[in-house]
Enquirer: 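One structure coming up, written as structure tokens, with questions to follow.
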Amino acid sequence: MTYREKEILQILKSNPLISQQELADMLNISRASVAVHITNLMKKGQILGKGYILRKENYVTVIGGSNMDIQGFPNNPLVMHDSNPGQVDISMGGVGRNIAENLSRLNVNTKLVSAIGNDLYGNTILSECKNLNIDVNDCFVSDEYSTSIYVSILNDSKDMQLAISHMDIIEKLDETFIHSKHKSIDDSKAIVLDTNLSKETIDFITRNHSHLPIFVDTVSTAKCVKIKDILHKFDGIKLNKYEAETLSGVKIENLDDAKKSCEYFIEKGVKSVFITLSGDGVYCANKEKTLHIPGVKIDIVNATGAGDAFMSGIVYGFMNDLDIEQTAKFSVGASILALSHKNTINPNLSEDLINKTIKELI
Ligand SMILES: Nc1ncnc2c1ncn2[C@@H]1O[C@H](COP(=O)(O)OP(=O)(O)O)[C@@H](O)[C@H]1O
Ligand SMILES: O=c1[nH]cc([C@@H]2O[C@H](COP(=O)(O)O)[C@@H](O)[C@H]2O)c(=O)[nH]1
């Protein structure tokens with residue numbers, strides 16, 4: 001496709017009923033040129049018929065939070081109630097946005113539906129996402145709220161000790177807004193949600209797009225409870241040990257407990273469940289199989305973002321028809337690469353690098 005054809009397709013996606021003259025005016029070209037581009041797009045199979053019915057694309061829609069992450073790394077063991085000398089880094093975060101970035105780096109076409117403020121951080125997030133090839137046309141930009149912020153303090157082992165997420169803006173992703181994006185969400189091959197979204201919005205999405213595979217990342221013990229009564233709506237769920245304990249009520253002290261917790265989710269109707277166990281790897285299950293992939297000993301540079309990288313591995317596995325074991329290994333590989341870089345997302349993440357990591361370590 002030419003650049004102009006891509007531009008026209010993009011406009012048609014958000015406004016399939018636009019006239020050729022309106023398109024011509026928007027692009028500052030003649031109506032006759034628009035007609036030629038549209039004929040060519042029809043020949044190429046990108047437009048299927050009148051009223052501009054577009055070819056169904058292979059893309060994933062991620063609906064969730066986008067944050068600016070401010071992370072403090074102490075030089076020495078943390079001293080509570082004191083100011084600790086160290087480093088402070090600012091980077092893009094938010095579980096939904098992190099998953100979208102990882103997916104895009106893994107060559108999965110990705111649309112992000114999120115809420116950001118009309119401010120410096122918000123504009124940075126939008127332009128960086130565009131550079132990463134993430135479709136952000138359906139993001140909500142607010143003049144009322146500022147871009148959400150996550151502040152965390154890590155310990156000297158680079159593990160998060162405490163964090164606060166200030167994400168009031170997420171309430172802008174309400175039922176009315178999500179409804180206005182119905183078509184583009186419904187055209188995706190799969191949906192990924194994070195529990196930053198309100199309970200009402202999660203219910204609305206799972207009700208209105210129930211014919212699509214829906215994956216969920218539970219985010220935190222405080223936020224995971226929103227999905228307790230609708231577990232059967234999900235094709236895939238990724239939880240860490242604490243979130244799994246909160247939802248299943250099974251205290252996880254060993255691998256047997258992790259297995260029991262997995263079984264709880266399968267009994268509740270989740271199609272596949274992945275309970276990540278930090279240094280102990282992952283326990284996962286579907287109706288046919290339950291298995292444990294052990295953890296790998298590595299030097300951790302920054303533990304933030306390992307779970308989000310893991311989640312993108314699960315979605316990659318779905319998009320590439322991997323079985324549960326291949327998916328779990330791929331996801332562990334993705335999380336190891338996240339842990340090995342100081343940024344929340346490893347900028348070197350790629351399918352090749354994950355496959356190489358699996359061969360060497362898993
Ligand atoms: N200390 C560690 N050593 C090795 N791998 C780890 C470690 N911590 C996390 N991982 C990897 O990252 C994945 C997700 O980490 P986990 O801490 O369970 O989730 P979250 O980051 O969502 O809290 C794990 O399944 C594992 O593959
Ligand atoms: O309530 C929330 N806490 C944290 C995050 C995001 O989660 C990421 C860290 O995840 P983890 O601690 O699982 O590595 C950060 O990018 C942070 O912005 C979020 O979206 N919502």
Side-chain angles (χ1 to χ4, degrees), residues 62-71 89-102 112 114-116 121 125 147-155 157-170 173 193-198 217-226 237-246 252 258 274-284 292-314 327-341 343-346 354 357-358 361-362:
V62 182
I63 313 176
S66 293
N67 294 340
M68 228 39 193
D69 287 354
I70 302 179
Q71 302 185 72
D89 275 0
I90 302 189
S91 60
M92 291 183 296
V95 168
R97 199 216 63 86
N98 291 345
I99 296 168
E101 177 171 345
N102 282 307
L112 175 65
S114 192
I116 50 129
Y121 283 164
I125 290 175
T147 300
S148 46
I149 295 185
Y150 169 80
V151 179
S152 63
I153 305 292
L154 286 83
N155 60 21
S157 310
K158 316 290 186 263
D159 219 348
M160 191 259 280
Q161 204 60 23
L162 191 69
I164 293 187
S165 60
H166 177 180
M167 302 185 68
D168 296 354
I169 194 173
I170 201 86
L173 299 184
L193 304 181
D194 74 29
T195 59
N196 285 312
L197 298 167
S198 71
D217 187 305
T218 47
V219 178
S220 66
T221 54
K223 293 184 175 175
C224 69
V225 290
K226 296 172 190 170
I237 182 169
K238 183 241 141 223
L239 326 96
N240 72 13
K241 176 181 138 169
Y242 305 104
E243 294 145 12
E245 284 182 349
T246 304
I252 302 178
F274 298 79
I275 300 180
T276 60
L277 304 164
S278 296
D280 291 326
V282 60
Y283 219 106
C284 51
H292 173 234
I293 308 289
V296 173
K297 270 231 151 332
I298 48 158
D299 284 334
I300 298 177
V301 183
N302 176 7
T304 310
D308 305 339
F310 194 101
M311 183 71 196
S312 50
I314 297 174
T327 299
K329 286 186 176 165
F330 191 86
S331 305
V332 170
S335 62
I336 290 172
L337 289 171
L339 294 162
S340 318
H341 200 278
N343 297 2
T344 303
I345 314 280
N346 186 330
I354 294 181
T357 308
I358 297 174
L361 299 176
I362 304 169

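Both counts, for ligands and for their atoms, begin at 1 and track the order of listing. Both backbone and side-chain heavy atoms feed into the values below; hydrogens, waters and symmetry mates do not. Only a predicted model underlies this, so the values are computations on that prediction, with no experimental measurement involved.
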Enquirer: Report the nearest protein non-hydrogen atom to atom 1 (N) of ligand 1: residue, atom name, distance rounded to 0.1 Å.
Expert: I300 CD1, 3.2 Å
Enquirer: Students should be able to answer this: which protein heavy-atom is nearest to atom 3 (N) of ligand 1, and at what distance?
Expert: G279 CA, 3.5 Å
Enquirer: Can you list the atoms of ligand 1 that are under 4.0 Å from a heavy atom of V332?
Expert: 27 (O)
Enquirer: Identify each donor-acceptor pair in which a side-chain atom of residues 62-69 lies under 3.5 Å from a protein atom, sequence neighbours left out, and give them as a table.
Expert:
residue	atom	partner	partner atom	Å
S66	OG	S114	OG	2.8
N67	OD1	S148	OG	2.7

Enquirer: Where on K238 is there a heavy atom closer than 4.0 Å to ligand 1, on the side chain, on the backbone, on both, or on neither?
Expert: side chain
Enquirer: Using only atom types and a distance under 3.5 Å, with no angle test, would you say the side chain of K223 pairs donor to acceptor with the backbone of T195?
Expert: no
Enquirer: Between N155 (side chain only) and K158 (backbone N and O only), is there a donor and an acceptor less than 3.5 Å apart?
Expert: yes
Enquirer: Once you round to the nearest 0.5 Å, how far does OG1 of T246 lie from NZ of K241?
Expert: 11.5 Å
Enquirer: Can you pull out the closest protein heavy atom to atom 21 (O) of ligand 1? Residue, atom name and distance to 0.1 Å, please.
Expert: G307 N, 3.3 Å
Enquirer: Is it true that, when you exclude I298 itself, more than 12 heavy atoms of the residues, nucleotides or ligands shown sit nearer than 6.0 Å to its CD1?
Expert: yes
Enquirer: Note the single closest protein heavy atom to atom 4 (C) of ligand 1, along with its residue, its atom name and the distance in Å.
Expert: V296 O, 3.1 Å
Enquirer: Measure across A100 and L112 and return the closest heavy-atom pair with its distance rounded to 0.1 Å.
Expert: CB-CD1, 4.1 Å
Enquirer: Please state which protein non-hydrogen atom is closest to atom 17 (O) of ligand 1 and give its distance, to 0.1 Å?
Expert: S278 OG, 2.8 Å
Enquirer: Write out all pairs satisfying side chain to side chain donor-acceptor pair (under 3.5 Å) with one or both partners inside residues 293-302, taking only residues at least two apart or from two chains.
Expert: N302-T304
Enquirer: Return the CD1 to CD1 distance between I164 and I153, rounded to the nearest 0.5 Å.
Expert: 9.5 Å
Enquirer: Short list, please: which atoms of ligand 1 are under 4.0 Å from a heavy atom of A306?
Expert: 12 (O)
Enquirer: What distance do C284 atom SG and I237 atom CD1 have between them, rounded to the nearest 0.5 Å?
Expert: 13.5 Å
Enquirer: How far is atom 19 (O) of ligand 1 from the closest protein heavy atom, and which atom is that?
Expert: T276 OG1, 3.3 Å
Enquirer: Specify the protein heavy atom at minimum distance from atom 23 (O) of ligand 1: its residue, its atom name, and the distance to 0.1 Å.
Expert: N240 ND2, 3.0 Å
Enquirer: With sequence neighbours excluded, what pairs up with N98 under the side-chain contact (heavy atoms from CB on, under 4.5 Å) test?
Expert: D308, T344, I345
Enquirer: For atom 5 (N) of ligand 1, find the nearest protein heavy atom and state the residue, atom name and distance (0.1 Å precision).
Expert: L339 CD1, 3.7 Å
Enquirer: Within the structure provided, determine whether T327 and F274 are in side-chain contact (heavy-atom separation under 4.5 Å).
Expert: yes
Enquirer: Measure and list all N/O to N/O distances between ligand 2 and the protein that fall under 3.5 angstrom.
Expert:
residue	atom	partner	partner atom	Å
ligand 2	1 (O)	S165	OG	3.1
ligand 2	1 (O)	K223	NZ	2.8
ligand 2	14 (O)	G305	N	2.6
ligand 2	16 (O)	D69	OD1	3.4
ligand 2	16 (O)	D69	OD2	2.5
ligand 2	16 (O)	G94	N	3.2
ligand 2	16 (O)	N98	ND2	2.9
ligand 2	18 (O)	N67	ND2	2.9
ligand 2	18 (O)	D69	OD1	2.6
ligand 2	18 (O)	G94	N	3.0
ligand 2	20 (O)	V95	N	2.9
ligand 2	20 (O)	N196	ND2	3.0
ligand 2	21 (N)	N196	OD1	2.8

Enquirer: At their closest point, which heavy atom of Y121 faces which heavy atom of I70, and how far apart are they?
Expert: OH-CD1, 4.5 Å
Enquirer: Could you work out, for atom 25 (O) of ligand 1, the closest of G281, S335, A244, S340 by heavy-atom distance?
Expert: G281
